[in-house]
Amino acid sequence: MTVHLHWFLPTGGDGRTLVDRHAYTDGGVRRDRITPVSGVRAPDIGYLAQIAKAAEQLGFEAVLTPTGTWCEDAWLTTTALTQVTDRLKFLVAFRPGVISPVLAAQMAATYQRISGGRLLLNVVTGGDSTEQRRFGDALDHDRRYARTDEFLQVVRGVWGGVPFDFHGAHYQVEGGLTALPPDPLPEIFFGGSSAAAGPVAARNVDVYLTWGEPPEQVKQKIDWISGLAAREGRTVRFGIRLHTISRDSAKEAWTTADRLLGDLDPDTVAAAQQALGKSESVGQQRMLALHGGSRDKLEISPNLWAGVGLVRGGAGTALVGSHTEVADRIEEYHALGIEHFVLSGYPHLEEAYWFGEGVRPELAARGLLPSGIPGRSGAPASGVAASGVAASGVAASGGRPVSAPGAAPLLVAGGR
């Protein structure tokens, strides 16, 4: 079992800070209200294309694109990016409660033909009722997972190429059909830590994703889902969602982590923790429990840092250390059964290079990846140099971006 490395597309904005500051005062809803916040990059297609091209050049297999109010639409954004990349796959996150399963199956089939088979699907059931109601979804937590179960049954059914009937509590389909099924069928990724989520994963998905908990907790999740899948006569593969701060030395990496903490005043942390604490997501509550809102003892396991989760929803931990140390931790998770590593960092363009040029060769040397990067020409991606000079005229010092001063409204968003 080799390691599959994936990166992240920050379609809600990017920057040199953990605080979820967007380039727009209203979160990007109105494009005429641009606020010049230092260190924040708008998620325009030019910048996202730079990240996608860098990820492809550096040997990442796919990029995850999130879903939510403060993000650009994942389907439309990534379809555009398929036209400026050649091999990169797109792990498109979407919410099953706000789209017909038959239409989603059809969209996936069309996407595969447009992209040459480069679509992966990340099904996000949703752990925030406020966010769900914003999209017209009034179901409670457990019923959302029951609906996701039916949704995935319908999607796989209509991919069969013949009329498909389904009669469930949430969906009634008669003669559902994808006239030209996707080829290949997109792999389905899914995450959920609640009792309601486990059986959905066991029955329907290809890859179960967990957020970056300590290895012993991840092992418990793997055993849990594997046991449920075995009862269904299936096997499920596993992935993990983590941030990374990898540098030439451990000291440099931890200095970068400390600099990110320097942006976080107590009021910002308290406001974020209060908002995140309202989440119905069991996974989010597990993330919060790793640090308890405190800056003390944020290294919760060797090289596993919970500082991100002080102010950001979703993935709240980062692998921090030298390239060798980060590779050690990836090898440790891999030994537990983790195959897919969905990674990110702030900013995403520069951190892709730190990881791709630092950690990836370490993993290849250990036999966890193919040696070399297929198709790499050796030239840096458009708009960025290997030394870490950022896109759009954002200067970096010695490849190490400096902190961004300034303030803007705090927007707590999930799916990151």
Side-chain angles (χ1 to χ4, degrees), residues 6 9 11 45 48 52 61-69 71-126 131-132 134-139 143-192 200-201 203-209 234 415:
H6 312 292
L9 279 176
T11 57
I45 198 68
L48 296 176
E61 181 177 331
V63 285
L64 169 65
T65 308
T67 183
T69 299
C71 306
E72 298 286 18
D73 177 74
W75 292 93
L76 294 174
T77 301
T78 59
T79 301
L81 294 175
T82 65
Q83 305 305 294
V84 297
T85 53
D86 298 315
R87 303 176 309 278
L88 189 68
K89 297 178 182 179
F90 295 90
L91 179 51
V92 174
F94 71 100
R95 298 173 191 260
V98 297
I99 187 173
S100 155
V102 178
L103 177 59
Q106 184 183 45
M107 290 167 63
T110 301
Y111 196 113
Q112 288 297 60
R113 286 187 288 279
I114 290 174
S115 68
R118 292 192 278 149
L119 174 67
L120 307 170
L121 295 175
N122 182 32
V123 177
V124 180
T125 299
E131 173 85 354
Q132 295 300 124
R134 190 175 290 137
F135 286 91
D137 178 17
L139 292 187
R143 286 194 294 165
R144 289 198 295 268
Y145 278 101
R147 181 181 57 197
T148 296
D149 196 354
E150 292 188 8
F151 182 97
L152 293 174
Q153 292 178 55
V154 173
V155 167
R156 291 198 182 276
V158 301
W159 278 344
V162 296
F164 176 78
D165 295 339
F166 184 86
H167 301 285
H170 300 279
Y171 297 105
Q172 304 289 321
V173 175
E174 296 182 6
L177 177 67
T178 302
L180 295 173
D183 183 20
L185 296 180
E187 289 186 295
I188 296 175
F189 290 63
F190 168 93
V200 180
R203 284 191 287 265
N204 299 288
V205 310
D206 299 300
V207 179
Y208 174 87
L209 281 176
R234 301 183 70 244

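Only this structure's heavy atoms are used, side chains among them; waters, hydrogens and symmetry mates stay out.
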*asked:* T125 vs T148, test: side chain to side chain contact (heavy atoms under 4.5 Å, CB included). Steps then yes/no.
replied: CA-CA 7 Å; T125 299; T148 296; 3.0 Å; yes
Would you say [X]'s side chain and [Y]'s backbone share a donor-acceptor pair under 3.5 angstrom?
X    : Y    : answer
T85  : L88  : no
E61  : H6   : no
E187 : L121 : no
S100 : L103 : yes

_Between the side chains of D73 and R95, is the shortest nitrogen-to-carboxylate-oxygen separation below 4.0 Å, so that they form an ion pair?_
no
*Would you call D183 and R113 a salt bridge, taking side-chain N to carboxylate O under 4.0 Å as the test?*
no
For the residue pair [X] and [Y], what are the closest heavy atoms and their distance?
X    : Y    : result
A105 : T178 : CB-OG1, 3.6 Å
L139 : R144 : O-NH1, 2.8 Å
I45  : A80  : CD1-CB, 4.1 Å
R234 : V205 : NH2-O, 2.9 Å
P181 : G161 : CG-CA, 3.8 Å
P184 : G117 : CD-CA, 3.9 Å

Just so I know, are the side chains of [X] and [Y] near enough to count as touching, which here means a heavy-atom distance under 4.5 Å?
X    : Y    : value
V200 : F190 : yes
L81  : F90  : yes
F151 : I99  : yes
T82  : I114 : yes
L185 : W159 : yes
E174 : F164 : no
V154 : L152 : no
F94  : N122 : no

Working to the nearest 0.5 angstrom, can you tell me the gap between [X] [atom1] and [Y] [atom2]?
X    : Y    : atom1 : atom2 : answer
R143 : H170 : CZ    : NE2   : 7.0 Å
E72  : L9   : CD    : CG    : 11.5 Å
W75  : T67  : CH2   : OG1   : 10.5 Å

Assess the side chains of [X] and [Y]: does a donor N or O sit below 3.5 Å from an acceptor N or O?
X    : Y    : value
T78  : Y111 : yes
T11  : T65  : no
H167 : Q172 : yes

_Any residue meeting side chain to side chain donor-acceptor pair (under 3.5 Å) with D149, in chain and number order, not counting sequence neighbours_ = Q153, R203, N204
*For Q106, side chain to side chain donor-acceptor pair (under 3.5 Å) partners two or more places apart*: none
*Evaluate the side chain to side chain contact (heavy atoms under 4.5 Å, CB included) criterion for residues L91 and V63: first the C-alpha distance (whole Å), next the side-chain angles of each, then the deciding distance (0.1 Å), finally the verdict.*
CA-CA 6 Å; L91 179 51; V63 285; over 6 Å; no
